[in-house]
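Before any comments, here is the structure.
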Amino acid sequence: MVKIVSRRYLGKADVYDIGVAKDHNFIIKNGLVASNCFNKSHSTAYGYVTYQTAYLKANYPLEYMAALLTANSGDTDKVQKYLNNCNNMGIEIDPPDINRSGLDFTPADQKILFGFSAVRNVGQNAITAILDARQQGGEFKSLGDFCDRIDLRVVNRRTLESLIQCGAFDKIESNRHQLVKDLELVYEWAQSRAKDRAIGQGNLFDFMGTGISNVSTSSKNGFKSIPKANLVSDYPPQEKLRMEKELLGFYVSAHPLKNIKQSSSLLAPINLVDLGEQKDKNLVCVVVMLNHVKKVMTKKGEQMAILQIEDLTTTSEAVVFPKTYERINAILEIDARLIVWGKVDKRDEQTQLLVEDAEQVEKIQMVVVELNPDEASSIDTQHHLRSILKEQSGDKDKAKVPVIGIVQAGNYRQVVRFGKQYWVQDASITVQSLRNAQFSAHGKQLSD
């Protein structure tokens with residue numbers, strides 16, 4: 001055990017571990033100098049915590065990931081990273097549920113359930129009111145039942161709309177648009193009932209149990225006349241996802257890129273979370289959602305843009321310089337699904353993407369060429385195939401149709417991704433040319 005007998009200021013310097021010959025900052029006996037390092041007790045404590053963490057993740061993955069998400073709920077990037085980890089571990093994430101959610105992320109039925117605290121516009125007092133009402137009166141049976149039992153002074157209309165639009169009422173009524181329309185009538189109805197109760201009056205229909213036009217009835221706690229709006233169709237799927245992203249910070253029930261994950265991996269094997277592992281100036285291709293566009297004017301008066309992009313793994317920043325911006329600015333719309341080609345740029349310990357080209361996912365077609373092992377290994381066949389593809393490439397700036405090769409024999413199947421120099425301009429013309437040359441080929445939409 002080393003005893004520190006004095007301290008001496010040695011100026012500003014980096015801190016090093018044991019074994020470094022200079023830049024130490026502790027003076028010990030006989031003029032010797034000790035490094036500023038972890039002592040054994042400190043290292044042991046870290047090792048013990050590391051072991052505990054690994055044990056909990058291995059044996060209680062639901063509980064561990066729920067706690068991890070709760071602890072980092074204020075950091076959007078980390079939460080999205082951990083949500084992706086959950087997906088890789090086979091753990092499903094459920095959106096908030098008005099009858100099951102608690103304050104924070106919680107394990108439930110082999111899934112992790114979003115907590116109310118993760119929903120925008122839902123404050124602590126509103127959460128307390130919801131949990132108290134549910135504990136006292138049991139599950140909520142309808143929107144009217146909910147509004148009738150909740151203190152509407154702390155759970156306002158905006159809070160209710162947020163809960164509906166993020167999916168918290170889906171188990172009661174899956175048509176979120178219908179619930180929003182019903183809320184316009186139900187909220188005033190519930191406020192009126194609350195005022196009547198406050199002054200000791202009952203509602204005539206509660207006592208008589210009779211209905212009127214355009215109302216539904218519930219028999220829990222007496223008869224209640226609950227207004228209901230005319231029937232409307234639900235929001236389109238993309239609109240529902242947009243509202244989820246706005247209110248929760250993430251896509252929960254689905255993701256706009258999820259249904260094209262398999263096909264897009266053929267063209268873009270790199271995820272945004274992997275950008276940091278790529279070499280500087282490496283040319284990469286990624287399939288992303290566009291979250292934000294910040295337009296910037298250069299000193300020369302030219303327009304460029306800084307993009308906020310995301311995929312199923314994380315979010316990142318991308319830069320579009322003037323020449324590229326002039327060519328692709330028409331497709332740079334919020335919530336657009338894009339396939340982006342660019343170079344990795346590393347500076348100031350940060351990694352970003354310098355965009356060289358982009359295209360909307362919905363417009364991307366692929367040419368698929370099917371080969372047997374003999375054809376794939378034949379030099380003449382390879383040369384013939386390359387010559388057709390080069391002929392169909394033409395102007396490289398306009399060649400945006402990727403070409404995929406599939407080598408298959410029995411249970412053996414291998415996918416070959418052709419380089420960008422072999423991409424073509426027109427899928428249908430290329431497919432016809434390949435078929436004329438006795439190749440088995442067909443076109444495929446990336447978004448199919």
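For the pair Leu338 and Val287, the minimum side-chain heavy-atom distance is 4.5 Å or more. Counting heavy atoms from C-beta outward, Leu103 and Phe116 have side chains that stay 4.5 Å or more apart.
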Please lay out, stage by stage, how Asp380 and Ser378 fare under the test side-chain hydrogen bond (donor to acceptor under 3.5 Å, both in side chains). CA-CA 5 Å; Asp380 290 339; Ser378 168; 5.0 Å; no
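In this structure, CG on Leu241 lies 9.5 Å from CG on Asp335, to the nearest 0.5 angstrom. The line from OG of Ser393 to CD1 of Ile388 is 12.0 Å long, rounded to the nearest 0.5 Å. Taking CD1 from Ile334 and CD from Gln308, the interatomic distance works out to 10.0 Å, rounded to the nearest 0.5 Å. Remark: Ser387 OG to Gln392 CD distance equals 10.5 Å, nearest 0.5 Å.
None of Thr313, Val344, Asn282 except one satisfies the side chain to side chain contact (heavy atoms under 4.5 Å, CB included) rule with Leu275; the exception is Val344.
Distance alone, capped at 3.5 Å, places no donor-acceptor pair between the Gln135 side chain and the Asp132 backbone.
Between Trp341 and Trp423, the ring-plane angle classifies as perpendicular under the 30° and 60° cut-offs. Aromatic ring pairs are classed by plane angle as parallel below 30°, tilted from 30° to 60° and perpendicular above 60°; the pair Phe418 and Tyr422 is perpendicular.
Salt bridge present: Asp151 and Arg153 bring a charged side-chain N and a carboxylate O closer than 4.0 Å. No salt bridge links Arg157 with Glu161; every basic N to acidic carboxylate O contact stays at or beyond 4.0 Å. Checked for salt-bridge contact, Arg176 and Asp234 miss the test: no charged N lies under 4.0 Å from a carboxylate O.
The nearest pair of heavy atoms linking Phe140 to Ala133 is CZ-CB, 4.0 Å.
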